[in-house]
Amino acid sequence: MLTNLRSVDAAAAVARKILQALDRPFVIDAQSAAVSGSIGVVVAPDHGRDVEALTRRADVAMYTAKGQRNGYAIYEARQDNVSAERLSLAADLKQAMQHGELALEFQPQVGFASGTSLEVETLLRWRHPIHGLVEPDRFVPLAERAGLINELTDWVIDGALAQARTWLETGREIPVAVHISARSLHDPTLRLRVQRALHRHDIPPRLLKLELAERTVMEHGGRELETLADLSSLGVVLCINGFGAGYSSLALLKRLPVAELKIDRSFTRNLLDDERDAAMVRAIVDLGHNLGMSVAADGIDDGPLAEKVAILGCDRGQGYYFGRVYDGESAR
């Protein structure tokens, strides 16, 4: 807390100086270490008059900063959509991991050339005793804010690899794909945690795919790119999910150790009726293949759509046409 600043502009200037200082590598025991930061800025009395309100709003601004290039954000009321229900869910989430309320489901991804399932995507579900089924887009941001995202990510990876081990023991090598949030990618311990999970379940790294949202990959650099390189060095497969949604940087894409692009379902939704969407899908396929990547299409819910994306050159498709989600037991 700084007591000698009298304006938001002055506080923002301090934030920029702190981030500039963090941008320089640190040397610890002759090893160079890079870190990054995200700063939420609040100014009293504009943003609150007591420590509790200012601290909470600074946290809201910091969460906003994690999605911005400059690394800091000034609190605005429109950012603050925390409700009593959301706070309650955040408090319940840690218990949910321990009491069996969370579950994993798996959706197959089918190769057009072979017509067989090549891998599965791991989908996280929370069956809350009061609120019923809570979708990940509601509780994953809460986990990030509550500092539970590493624990939640580890829980999902552990469960997915346990299922992969079960399939291996029945003679089936089925890769499992797991979504990784932006906050997880910030954490320099992610590589070690993934490595330990692979070792714990004795799973070949090639059977684990980590999917990252396009925005997560394209709007960040520095530490995040190092984390991607570290993960790739383990032998796991990296995939950009929802590709084409509007955040792509071709200059950055060629530098990423990514093996697959998954086309955003916004392009497949109206693919049969809109030639512009077809042109976009064809362009993404050509781009991916020219960069040595495979290309998958999401949201394939019927036969004509599956036939269309195959004609456009997609390697794989995922959606209800190929199979709805199933749990590990039903797949045995």
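Side-chain atoms are counted along with the backbone in the values below, which use heavy atoms only and exclude waters and symmetry mates.
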Does [X] use its side chain to pair, donor to acceptor, with the backbone of [Y] at less than 3.5 Å?
X	Y	answer
Ser233	Asp230	yes
Arg57	His47	yes
Thr153	Ile149	yes

Checklist outcome for this item: Hits for side chain to side chain contact (heavy atoms under 4.5 Å, CB included) against Ala15, two or more places apart or cross-chain, chain-then-number order -> Ile39, Val41, Tyr72
Is there a path of hydrophobic side-chain contacts, each under 4.5 Å between heavy atoms of I/L/V/M/F/W/Y residues, joining [Y] to [X]?
X	Y	value
Val237	Leu253	no
Leu198	Leu192	no
Ile74	Ile18	yes
Leu261	Ile311	no

Under a 4.5 Å cut-off applied to non-hydrogen side-chain atoms, are [X] and [Y] in contact?
X	Y	answer
Gln318	Val110	no
Val295	Phe243	no
His179	Asn241	yes
Trp155	Leu124	yes
Asp298	Thr268	no
Tyr321	Leu305	no
Pro175	Lys209	no

So how far is it from [X] [atom1] to [Y] [atom2], rounded to the nearest 0.5 Å?
X	Y	atom1	atom2	value
Leu208	Glu119	CG	CD	10.5 Å
Asn270	Arg265	CG	CZ	12.5 Å
Leu185	Leu231	CG	CG	7.5 Å
Met97	Leu102	CE	CG	6.5 Å
Leu238	Leu256	CG	CG	9.0 Å
His199	Leu234	NE2	CG	13.0 Å

Checklist entry - side chain to side chain contact (heavy atoms under 4.5 Å, CB included) between Glu135 and Leu133: does it pass, once the steps are laid out? => result CA-CA 6 Å; Glu135 296 292 341; Leu133 182 63; 3.6 Å; yes
Next on the checklist: Is there a side chain to side chain contact (heavy atoms under 4.5 Å, CB included) between Trp167 and Leu207? Walk through the geometry before answering.
Outcome noted: CA-CA 11 Å; Trp167 284 325; Leu207 296 186; over 6 Å; no
Next on the checklist: For Ile157, run the side-chain contact (heavy atoms from CB on, under 4.5 Å) check against Thr122, Ile180, Val176, Leu152 and tell me which one passes.
Outcome noted: Ile180
Minimal non-hydrogen separation, [X] against [Y], with atom names:
X	Y	answer
Val43	Ala11	CG2-CB, 4.1 Å
Phe106	Ala160	CE2-CA, 4.5 Å
Leu168	Pro204	CD1-CD, 4.0 Å
Ala96	Trp126	CB-NE1, 3.4 Å
Val281	Phe267	CG2-CB, 4.0 Å
Gly48	Leu54	O-CD2, 3.6 Å

Checklist entry - Got a sec: does the CZ of Arg200 have more than 12 other heavy atoms crowding it under 6.0 Å? => result yes
Next on the checklist: Please evaluate residues His128 and Asp92 with respect to the criterion side chain to side chain contact (heavy atoms under 4.5 Å, CB included), reporting the C-alpha separation (whole Å), side-chain torsions for both, the decisive distance (0.1 Å), and the verdict.
Outcome noted: CA-CA 9 Å; His128 194 282; Asp92 293 345; 2.8 Å; yes
Item to check | Test side chain to side chain contact (heavy atoms under 4.5 Å, CB included) applied to His201 and Asp158, step by step | outcome: CA-CA 8 Å; His201 294 283; Asp158 193 71; 2.8 Å; yes
Checklist entry - Are any of the side-chain nitrogens in Asp277 or Arg269 under 4.0 Å away from the carboxylate oxygens of its partner? => result no
Next on the checklist: Side chains of Glu121 and Gln109 only: does a donor on one sit below 3.5 Å from an acceptor on the other?
Outcome noted: no
